Amino acid sequence: MDTQSQWARLLDAVRSSQPPADRDHAVAGALQIGMTVADGIVGCSITEVRPHGACTPASSNVLAIQLDQAQYRAGSGPCIAAAVQGRAQQVDDMTIDDRFARFAEASLAHGVHSSLSLPLSGARLPAALNLYAARPGLFQPSHTQAVADLLARCTSALLRDHDSSAVHHALPSSAHARGELVRRAQQALAETQDLTKFESYTQLADWSRQQNRSILVIAAELLERTGQQHSDADGGGEAS
Amino acid sequence: MTEQSGLSLYDGMQLSGMTFYDLWVRQITVGGAADELAVEAYTLGLLIPDPLEHNILAQAVNEHFLERGQDHPVAYMGSANAP
């Protein structure tokens, strides 16, 4: 399965309500996606801090388990810190960062030079998603961090039995009304000029670009020209 | 066209300083229907939007720049400033 299909499946799992067995399968899929967040990632796991100590309930491979356990034996490490403190822990170079000396020593012995641990918010127990990489600085690019952050939020939602508050937020009431204004203009344009949805939207966007005006203004004017009224609730052509 | 023409969705969003939540709300405002997860995955390049979805997201980012008196830096698909 290619990476895009893996992501599509994960997002579907987050959106849907699944029984525990399927949820475990989805979490395993999330850890496999973790291995693709950037080239050079060699391990991905989940750390859970239980009353009698930390453990790894799921992992992508043996290496990830070994690196997690090195932290559990030492009693400290980025995975535990991320889970307990609820803040991301990024180690860009194990040879320089001296916060977790025993973990760094074990990591370097396994050829691991950097790591990123992200808290899994809202899990029943303090937990973190861990990514390990063979190269230093692998988690510095903002795009890599953003992808890892999305993966962590999806994993959180799965662990929270599909309580998707980590990935869904409320929408301002005016947004739908304004969007409807654009869709009505798009439809009017499609009908009068025999265009597809894509062609009519792209035409509106082209006018917005050529005239350097909001597509909402363009849409409102088009509806007026075609004799279709739009109410104040539509947003009156104001940009958001 | 400015020298910024042809930015990807992600680069345009980075330049704008918008959050993914901001972008999701904006794409609804300009006629989109994608959920938050899809918007984030499309922008990060994890999923490939269809051309209409791409152009709606491009418009959403570009509206941010329009409000600040700037041009449309993110390219549309199948239009005059397509990359």
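Letters A, B, ... are given to chains in the order of the sequence lines, protein chains preceding strands, and every chain is numbered from 1. Keep in mind that this is a model prediction, so the values were computed, not measured. The analysis underlying the following values was restricted to heavy atoms, covering all of them including side chains, and did not include hydrogens, waters or symmetry mates.
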May I ask you to test the [X]-[Y] pair for a side-chain heavy-atom distance under 4.5 Å?
X: A:L150; Y: B:L46; value: yes
X: B:H72; Y: A:N212; value: yes
X: B:N62; Y: A:S208; value: no
X: B:I28; Y: A:P172; value: no

Fill in: chain B contacts, top residue of A:V182, A:T196, A:L204 (heavy-atom pairs, under 4.5 Å)
A:V182
Discussion item. Counting heavy-atom pairs under 4.5 Å with chain B, which one of A:A170, A:A219, A:A185 comes out on top?
Written reply: A:A170
Fill in: Under 4.5 Å from a heavy atom of chain B, the part of A:Q6 involved
neither
Practice prompt. Name the region of A:S5, side chain, backbone, both or neither, that has any atom closer than 4.5 Å to a heavy atom of chain B.
Written response: neither
To the closest 0.5 Å, what do you measure between [atom1] ([X]) and [atom2] ([Y])?
X: A:L11; Y: B:E36; atom1: CG; atom2: CD; result: 12.0 Å
X: B:L52; Y: A:Q186; atom1: CG; atom2: CD; result: 6.0 Å
X: B:Y76; Y: A:T202; atom1: OH; atom2: OG1; result: 9.5 Å

Which heavy atom of [X] sits nearest a heavy atom of [Y], and at what distance?
X: B:G78; Y: A:F198; value: CA-CZ, 4.3 Å
X: A:C154; Y: B:L37; value: SG-CD2, 4.0 Å
X: B:G31; Y: A:R183; value: O-NH1, 3.3 Å

Which answer fits [X], side chain, backbone, both or neither, if we ask what part of it has an atom under 4.5 Å from a heavy atom of chain A?
X: B:A38; answer: both
X: B:E53; answer: neither
X: B:D35; answer: side chain

Worksheet item: For atom CG of A:D2, is the number of surrounding heavy atoms from other residues, nucleotides or ligands below 6.0 Å larger than 12?
Response: yes
Item to complete: Count the heavy atoms belonging to other residues, nucleotides or ligands that lie under 6.0 Å from CD of A:Q187, then report whether that count exceeds 12.
Response: no
Worksheet entry | Qualifying residue for side chain to side chain contact (heavy atoms under 4.5 Å, CB included) with A:I215, from B:T29, B:L66, B:V30 | B:V30
Indicate yes or no for a side-chain donor-acceptor contact from [X] to the backbone of [Y] under 3.5 Å, with no hydrogens or angles considered.
X: B:Y21; Y: A:L171; result: no
X: A:Y201; Y: B:N55; result: no
X: A:H143; Y: B:L44; result: yes

